[in-house]
Number of protein chains: 4
Amino acid sequence: MKPRDPQKIDRIHQATLSLVLEIGLAGLTMSKIGKAAKVGMGTIYTYFASKEEIINSLYQSLKRKHAEEIYVNFDETQSFLANFRAIFDIFFQNCYHQAAEYFFLEQCRASPFLSLDSIVLEEAAFARMNALLDEGKAEKVVKNIDNTLLIGYLMGGVQGFLTQLRRTDAELTQAHIDAALALCLDAIKR
Amino acid sequence: MKPRDPQKIDRIHQATLSLVLEIGLAGLTMSKIGKAAKVGMGTIYTYFASKEEIINSLYQSLKRKHAEEIYVNFDETQSFLANFRAIFDIFFQNCYHQAAEYFFLEQCRASPFLSLDSIVLEEAAFARMNALLDEGKAEKVVKNIDNTLLIGYLMGGVQGFLTQLRRTDAELTQAHIDAALALCLDAIKR
Amino acid sequence: MKPRDPQKIDRIHQATLSLVLEIGLAGLTMSKIGKAAKVGMGTIYTYFASKEEIINSLYQSLKRKHAEEIYVNFDETQSFLANFRAIFDIFFQNCYHQAAEYFFLEQCRASPFLSLDSIVLEEAAFARMNALLDEGKAEKVVKNIDNTLLIGYLMGGVQGFLTQLRRTDAELTQAHIDAALALCLDAIKR
Amino acid sequence: MKPRDPQKIDRIHQATLSLVLEIGLAGLTMSKIGKAAKVGMGTIYTYFASKEEIINSLYQSLKRKHAEEIYVNFDETQSFLANFRAIFDIFFQNCYHQAAEYFFLEQCRASPFLSLDSIVLEEAAFARMNALLDEGKAEKVVKNIDNTLLIGYLMGGVQGFLTQLRRTDAELTQAHIDAALALCLDAIKR
DNA sequence: CATGAATGAGACTTCATTCAT
DNA sequence: CATGAATGAAGTCTCATTCAT
């Protein structure tokens, strides 16, 4: 599949994203995607073999994007704390501001559409976070708990925190961010 | 006349639970529910007005059940720590052992099936947990962060932790429980 | 089929009549009939073999009732005109005041529920009307047109007249009755 | 791209017409329509939003067609009698030869499918007939009865006449037409 | 005999995918 | 290659009839 207009892939992805935020993954239909992306319904099949493939490719591309973004301020020469904070900040901000993307991922997580390689993908993103946590453990500032579990706990915690924050319709303030960081840091502190 | 059999409501709920664990909420169909519950498809409509109603009534009944179970070992005469631990233990165990129930709730959370009163229900369960956290704040052992956010963080954390634990196919050990409790306690500790 | 409580047959017939007026023959269901007749849905099957049978038996009973009623003021010793007027009056009044019955018959007329013997029944009612028209023809006051066609024309005419009258929401006055009679009499007058 | 085929609307309408004549409005199903129109069942929904819409759009289009056809030989320069006869002839012929269309309308008339705007439509068709009757009244050849009622009577009469004619399986002859016209003319004659 | 819960065939409608233009 | 009309399998829900109480 070598389509001419790679920009259409983006349009289809973006349409999918907005639609899922609006009507849920279960409400997503091909014709709605086509209309939202301003692309003929049949054209979609030039770029994607099926509805499943749209979802999985978007899922994977978001996962990869997030994995990269998170490390954007990562600096190996900096301290554990500085790097943890750098990662935390971006993750927190992204979860909050790119809610549509996180919502999409959340919807997919438990859906029957997700293919195996999408599920497996998960781990890859954590490589540097793993290393950082190992560093923390070596410095005796991080609890000696399996990294995977630590990461799961931290991400779940932040997302649960933000889920409630959104539910209260409160504005996001620096105090919120500080609070969440404090929770995360104290949690893993040895 | 054959009396309206209240046990069938349970059978339908149970069937729904197993099916969602197996095939996801999106894969759920009325005829599958009927077959799994050993009930004619039409019979379901004697007890529930629609598929949506099955999902919402199960959602609410699970929410209520979980809300009660969590406080089963709660004892107002005990210390903050003892009660926190009591609640934590049951929540952790339930998340782990009644995974189907938690998975169902998770699937619903972002689904277009959930009605407003199901979404609103959420809060009720947290009354005693709220009081407990207030107590902890009064004793200056809990951070001064909005209870709702604290609870969101803790629940999200535990569930993220267990999600990863399940992914690794590791057996649940006391060490895991201790680790998770330590994360939670240290997180909220002032 | 020798049911104990013949009054239930009436209740079922009456319920059917009201329901059809309200929701149309197509909206008629067995459970609605049961509820309206205050009779268990299953009980209906003690008195009628099927929904079709309810409709057909009611259809036939109404047909017979109407056929009898129409001649209630018929008096063989009276003149053609007196008898025609007697018949006309009752037919007109019935069409107007027992609209539910006529509406039911109209709904049935073209329905797939009507059995052959119900359709055939039609003719029976016209025996005396036939004789009356023959008398009129002998007296040279009635056009020499096939009786069946004459009767069809007259009944259709009156019903069309009343359909429009009802549509205008006008009250029924003696003037209306006189007008309709004049139309009918002049129509058939030789 | 295959253009939206306006001829399919006709095929669907025609199929509906034949089917209702054959199996009644109550026996009409979407899959039967599809099969009869040689169109995939789903295709129907490209042209009509629902079964109800098929029925209503056909109903309205027939109403409009009949309203136009009836006046095809109408000529304002002609006498009342000539125009009445012209209208009568076509109405009579149509009722007889396009029985399926009239049968469909009759079935709809009392059905729960008919929408409000379909019901309202009725009146429009009678504008010129109204004027003609007024002319007749001015010429003192038509009874002084409300036009709506007159029209209802005449149409009902003709249809009742033809209903019986069809029932007898007799061939339509000029004598029948003359007879019916005589009935109608004498009826309204002052 | 009375009841209404139980049943499943079949109704309407949606939608992923194909195909004619 | 782009398009959206066409398709029919499959989904939700209804309802005439049966059956257990």
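FYI, side chains are in, hydrogens and waters are out, and symmetry mates aren't considered; it's all heavy atoms of this structure. Per chain, numbering begins at 1; letters A, B, ... match sequence-line order.
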Assign [X] to base, sugar-phosphate, or nothing according to its heavy-atom contacts below 4.0 angstrom with the strands shown.
X       : value
B/Tyr47 : sugar-phosphate
C/Lys35 : nothing
D/Leu28 : sugar-phosphate
B/Lys32 : nothing
C/Thr43 : base

Toward the 5' end of DNA chain F, which comes first, D/Gly42 or A/Gly42, by nearest nucleotide?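 Here A/Gly42 is the residue nearer the 5' end.
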
**Request:** Name the residue closer to the 5' end of DNA chain F, choosing between A/Met41 and B/Thr29 according to the nucleotide with the nearest heavy atom.
**Result:**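 In this pair, the answer is A/Met41.
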
Rounded to whole Å, please give me the gap between [atom1] in [X] and [atom2] in [N].
X       : N      : atom1 : atom2 : result
B/Glu53 : F/dT12 : CD    : P     : 15 Å
D/Ile33 : E/dC12 : CD1   : P     : 8 Å
D/Phe48 : F/dA5  : CZ    : C1'   : 15 Å
D/Ile9  : F/dA5  : CD1   : P     : 12 Å
A/Asn56 : E/dA16 : CG    : P     : 15 Å
B/Ile12 : F/dC13 : CD1   : P     : 13 Å
B/Ile44 : E/dT7  : CD1   : P     : 10 Å
D/Glu52 : E/dA11 : CD    : P     : 18 Å

Any strand: nucleotide that pairs with F/dG8 via Watson-Crick or wobble, under 3.5 Å |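 The answer is E/dC15, by the H-bond criterion.
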
Discussion item. Return the pairing partner of F/dT21 with a 3.5 Å limit on both distances, Watson-Crick or G-U wobble; otherwise return none.
Written reply: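 Matched F/dT21 with E/dA2 under the 3.5 Å cut-off.
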
- prompt: Between A/Lys8 and F/dC1, is there a side-chain N or O to OP1/OP2 distance below 4.0 Å?
  reply: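 False: A/Lys8 side-chain N/O out of range (4.0 Å or more) of F/dC1 OP1/OP2.
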
May I ask you to test the [X]-[Y] pair for a side-chain heavy-atom distance under 4.5 Å?
X        : Y       : answer
A/Ser57  : A/His13 : yes
C/Phe104 : C/Leu62 : yes
D/Lys51  : D/Leu28 : yes

Counting side-chain heavy atoms from CB outward, which of [options] is closest to [X]?
X       : options                : result
D/Thr46 : F/dT3, F/dA5, F/dA16   : F/dA5
A/Tyr45 : E/dT17, E/dA11, E/dT3  : E/dT17
B/Asp5  : E/dA16, E/dA6, F/dT12  : E/dA6
B/Met30 : E/dT17, F/dT17, F/dT12 : F/dT12

Around D/Lys35, counting heavy atoms of other residues, nucleotides and ligands shown, do more than 12 lie under 6.0 Å from its NZ?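 No.
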
Original post:
What do the steps show when you test C/Glu101 against C/Asn94 for side-chain hydrogen bond (donor to acceptor under 3.5 Å, both in side chains), and what is the final call?
Top reply: CA-CA 9 Å; C/Glu101 297 184 359; C/Asn94 279 1; over 6 Å; no

Q.
Angle between ring planes, A/Tyr102 versus A/His66, binned at 30° and 60°: parallel, tilted or perpendicular?
A.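 Geometry flag for A/His66 against A/Tyr102: parallel rings.
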
Map C/Gly40 and D/Ser50 onto DNA chain E by nearest heavy atom, then report which one ends up closer to the 5' terminus.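 In this pair, the answer is C/Gly40.
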
